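Note that the coordinates shown come from a computational prediction; the quantities given were computed from them, not determined experimentally. We name chains A, B, ... by the order of the sequence lines, and we start the count at 1 in each one. What's counted below: heavy atoms across the whole structure, side chains too, no hydrogens, waters or symmetry copies.
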Number of protein chains: 2
Amino acid sequence: MATAPHILICDDDPVVHESLGLYFENEHFTYSSAYDGRDALAHVVSDKPDLIILDVMMPEKTGIEVCREIRKTLSTPIIILTAKGEEIDRVLGLELGADDYIVKPFSPREVIARIKAVLRRINEPQENTSFLRFEGLEINLDNYQVKVKGELVPCTPKEVEILHLLASHIGQVMDREQILSLIWGYDYFGDTRTVDTHIKRIRQKIYYEGAPWSLITVYGVGYKFEVNS
Amino acid sequence: MATAPHILICDDDPVVHESLGLYFENEHFTYSSAYDGRDALAHVVSDKPDLIILDVMMPEKTGIEVCREIRKTLSTPIIILTAKGEEIDRVLGLELGADDYIVKPFSPREVIARIKAVLRRINEPQENTSFLRFEGLEINLDNYQVKVKGELVPCTPKEVEILHLLASHIGQVMDREQILSLIWGYDYFGDTRTVDTHIKRIRQKIYYEGAPWSLITVYGVGYKFEVNS
DNA sequence: AAATAGTATTTACGATTTGTTCACATTCGT
DNA sequence: ACGAATGTGAACAAATCGTAAATACTATTT
């Protein structure tokens with residue numbers, strides 16, 4: 001994967017291949033296609049994809065079975081695809097060793113973002129930056145303490161974690177799903193609006209007039225931590 | 001820059017010019033010198049350097065101001081130079097559009113390595129497709145921010161996405177269906193004229209007299225992003 | 001084991017922003 | 001010149017967000 005990643009799409013619905021193919025070409029990803037479970041396994045071996053997109057409902061072998069098979073020998077990242085209503089399988093899929101989970105119908109942005117996130121997570125060993133400091137703001141994930149202008153501000157664990165997550169990705173918008181996945185974990189089923197409530201409280205606690213940083217809402221996308229706007 | 005790059009050194013300290021000059025000659029880079037902010041801007045225009053090294057502390061105009069000025073019209077790579085202890089926020093520098101940041105005192109190896117890295121990054125086919133830069137126009141899909149002449153222009157998410165899509169396929173005409181599929185998703189069924197309205201708003205927001213790029217309508221087909229050659 | 005305090009989550013609703021469509025003017029290609 | 005395609009502004013619809021308050025959960029103390 002020196003340059004662009006190669007993705008293997010496994011789904012019995014040609015429409016999914018067409019639309020994903022379009023997004024991938026746009027990103028200069030290459031891809032190959034499998035239309036049933038057995039076919040999928042064959043392609044995994046022959047194509048050596050960098051990432052596998054696996055629909056749950058497929059003839060011959062279900063995505064779950066395929067996932068289990070793959071995990072016996074390979075650690076290739078897998079993203080499970082499922083129709084709305086099949087959401088029960090989420091926990092199961094992830095316990096089987098899938099790396100992420102997308103519900104149909106999906107948006108282009110979502111799919112591409114998830115793929116990039118998974119590949120990034122796989123490739124880059126995480127840097128240990130548990131302590132972050134900005135003008136008038138310190139976030140310490142070792143002792144779960146947040147200081148504003150040197151003063152300790154009592155924050156709950158979730159608040160510290162979310163703030164740390166956003167502040168360690170300055171300027172980068174993170175959507176609610178990403179935040180939920182990274183803070184709560186992949187097996188969490190909750191209302192994405194929960195994130196909003198936490199953001200609200202974090203803002204209340206840390207914001208002061210003239211702070212050189214802020215939590216910014218990107219309408220329709222998510223939140224980001226910005227410095228000196 | 002067919003062969004060796006030309007570097008513009010902007011610093012009020014002659015010692016810096018001497019030492020950098022020495023390294024550059026060794027690498028067969030050519031270079032020119034500016035000793036204050038105003039001088040720097042003049043040289044940027046007349047010398048058309050391939051890369052600019054910009055000290056923060058300079059008479060007449062600080063490096064920060066010069067950087068901001070340059071970014072209004074040019075996308076020439078900039079490396080910011082700063083003395084240890086000068087609490088210039090790395091983030092701030094990079095937000096202004098600088099490409100890298102070196103703290104004095106620097107080692108020859110470090111400077112050369114950084115310069116080569118930046119030039120490589122700029123020249124090679126973009127790996128980081130989420131950020132696009134043109135003369136007087138920057139599109140950042142991580143931030144969802146668009147800058148025209150260095151100034152932040154408030155755009156809605158759809159506007160940023162469409163602009164980024166077109167700008168990442170320079171010269172290539174995309175029809176309305178393609179744009180809808182890639183931005184809205186495969187399951188969207190709406191009026192294709194919606195695209196027109198978004199294009200209109202993008203043009204209103206980003207266009208300025210003499211911009212070296214534009215959103216062009218291809219009658220009966222679609223839209224494309226063009227750059228003056 | 002029950003009560004309590006501290007957190008987390010859900011829900012609801014108004015406010016706001018954004019997206020879409022429509023109507024009409026203008027431009028384009030034939 | 002004509003019909004089709006596009007530009008444009010304004011009205012409208014939809015989606016999203018902020019916030020507060022209610023509810024559920026969890027760990028600790030009594």
Side-chain angles (χ1 to χ4, degrees), chain A residues 84 87 105-110 141 144-146 152-166 173-185 187-207 214-226, chain B residues 141 144-146 152-166 173-185 187-207 214-226:
Chain A
K84 206 162 192 167
E87 296 182 33
F106 43 76
S107 74
R109 196 177 61 211
E110 185 185 4
L141 202 59
Y144 276 78
Q145 285 188 343
V146 174
L152 196 62
V153 173
C155 286
T156 69
K158 282 275 188 295
E159 288 166 0
V160 181
E161 287 167 19
I162 293 170
L163 179 57
H164 182 274
L165 174 63
L166 291 169
V173 182
M174 313 205 78
D175 64 42
R176 291 172 177 72
E177 294 289 353
Q178 274 181 289
I179 295 171
L180 283 173
S181 298
L182 290 168
I183 302 294
W184 278 260
D187 56 339
Y188 178 80
F189 293 93
D191 189 346
T192 57
R193 297 302 307 279
T194 298
V195 176
D196 299 30
T197 301
H198 286 285
I199 294 287
K200 181 200 98 185
R201 288 206 278 260
I202 295 168
R203 281 173 172 157
Q204 279 181 338
K205 288 181 182 180
I206 71 170
Y207 186 75
S214 52
L215 288 174
I216 306 246
T217 304
V218 177
Y219 191 97
V221 186
Y223 297 97
K224 63 178 171 175
F225 184 89
E226 277 274 303
Chain B
L141 203 59
Y144 276 77
Q145 283 186 346
V146 174
L152 197 62
V153 173
C155 287
T156 68
K158 280 271 188 299
E159 288 166 1
V160 180
E161 287 167 18
I162 293 170
L163 178 57
H164 182 273
L165 174 63
L166 291 170
V173 182
M174 313 205 78
D175 63 43
R176 292 172 177 71
E177 295 290 352
Q178 271 181 293
I179 296 171
L180 283 173
S181 301
L182 289 168
I183 303 293
W184 276 261
D187 58 334
Y188 177 83
F189 297 99
D191 192 344
T192 56
R193 296 301 307 280
T194 296
V195 176
D196 300 29
T197 299
H198 285 285
I199 294 287
K200 179 200 94 185
R201 295 204 187 119
I202 295 168
R203 283 173 171 158
Q204 279 182 338
K205 287 181 181 180
I206 71 170
Y207 185 74
S214 51
L215 287 175
I216 306 240
T217 304
V218 178
Y219 192 94
V221 186
Y223 298 97
K224 64 176 173 176
F225 183 89
E226 278 275 298

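Ile162(A) and Ile199(A) make their closest contact through CG2-CD1, 4.1 Å (heavy atoms, listed as atom of the first residue, atom of the second, distance). Scanning both residues, Pro157(B) and Tyr219(A), for their nearest heavy atoms gives CG-O, 2.7 Å.
Of the listed nucleotides (dG3(D), dC17(D), dT21(C)), dT21(C) has the atom at the smallest distance from the side chain of Thr194(B). Of the candidate nucleotides dA8(C), dT6(D), dG19(C), dG19(C) has the atom nearest to the side chain of Thr156(B). Side-chain atoms of Arg203(B) lie closest to dG7(D) of the nucleotides dA8(C), dG7(D), dC17(D). Distance from the side chain of Tyr219(B) is smallest for dG29(C) among the nucleotides dG29(C), dC17(D), dT20(C).
Distances shorter than 4.0 Å separate some side-chain N or O of Tyr188(B) from OP1 or OP2 on dT20(C). When the side-chain nitrogen and oxygen atoms of Gln204(B) are compared with OP1 and OP2 of dG9(D), one or more of them lie within a distance under 4.0 Å. Between His198(B) and the phosphate of dT18(C), there is no side-chain N or O to OP1/OP2 separation shorter than 4.0 Å. When the side-chain nitrogen and oxygen atoms of Thr197(A) are compared with OP1 and OP2 of dT10(C), none of them lie within a distance under 4.0 Å. The phosphate of dG7(D) (OP1 or OP2) has a side-chain N or O of Tyr223(B) nearer than 4.0 angstrom. For Thr217(B), no side-chain nitrogen or oxygen approaches OP1 or OP2 of dC28(C) to under 4.0 Å.
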- Message: Show, in sequence, the C-alpha distance, side-chain angles and deciding distance for Tyr223(A) and Leu215(A), and conclude whether the side-chain contact (heavy atoms from CB on, under 4.5 Å) test is met.
- Response: CA-CA 7 Å; Tyr223(A) 297 97; Leu215(A) 288 174; 5.7 Å; no

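Across the protein-nucleic acid pair, Lys200(B) atom NZ and dT21(C) atom C1' stand 12 Å apart, rounded to whole Å. When the C1' atom of dG19(C) is taken as reference, atom CD1 of Ile162(B) falls 10 Å away, rounded to whole Å. Rounded to whole Å, the distance from NZ on Lys158(A) to P on dG6(C) is 18 Å. In this structure, the CD atom of Glu161(B) is 12 Å from the C1' atom of dT18(C), given to the nearest Å. Put simply, CH2 on Trp184(A) is 12 Å from C1' on dT7(C), counting in whole angstrom units. Rounded to an integer number of Å, the gap from CG of Asp196(B) to P of dT27(C) is 16 Å. Atom-to-atom, CG of Asp191(A) to P of dT23(D) comes out at 17 Å; the value is rounded to the nearest Å. Counting to the nearest Å, the P atom of dG18(D) and the OH atom of Tyr207(A) are 14 Å from each other.
In this structure, the side chains of Leu166(A) and Ile202(A) stay at 4.5 Å or more apart for every pair of heavy atoms. Counting heavy atoms from C-beta on, the side chains of Arg203(B) and Thr217(B) come closer than 4.5 Å. The shortest side-chain heavy-atom distance between Met174(B) and Val195(B) does not fall under the 4.5 Å cut-off.
Within 4.0 Å of Val195(A), counting heavy atoms only, lies no atom of the nucleic acid at all.
Residue side chain Arg201(B) reaches the base of dT20(C) through a donor-acceptor N/O pair under 3.5 Å, judged by distance alone. The base of dG7(D) sits within donor-acceptor range of the side chain of Arg193(B), with an N or O pair under 3.5 Å.
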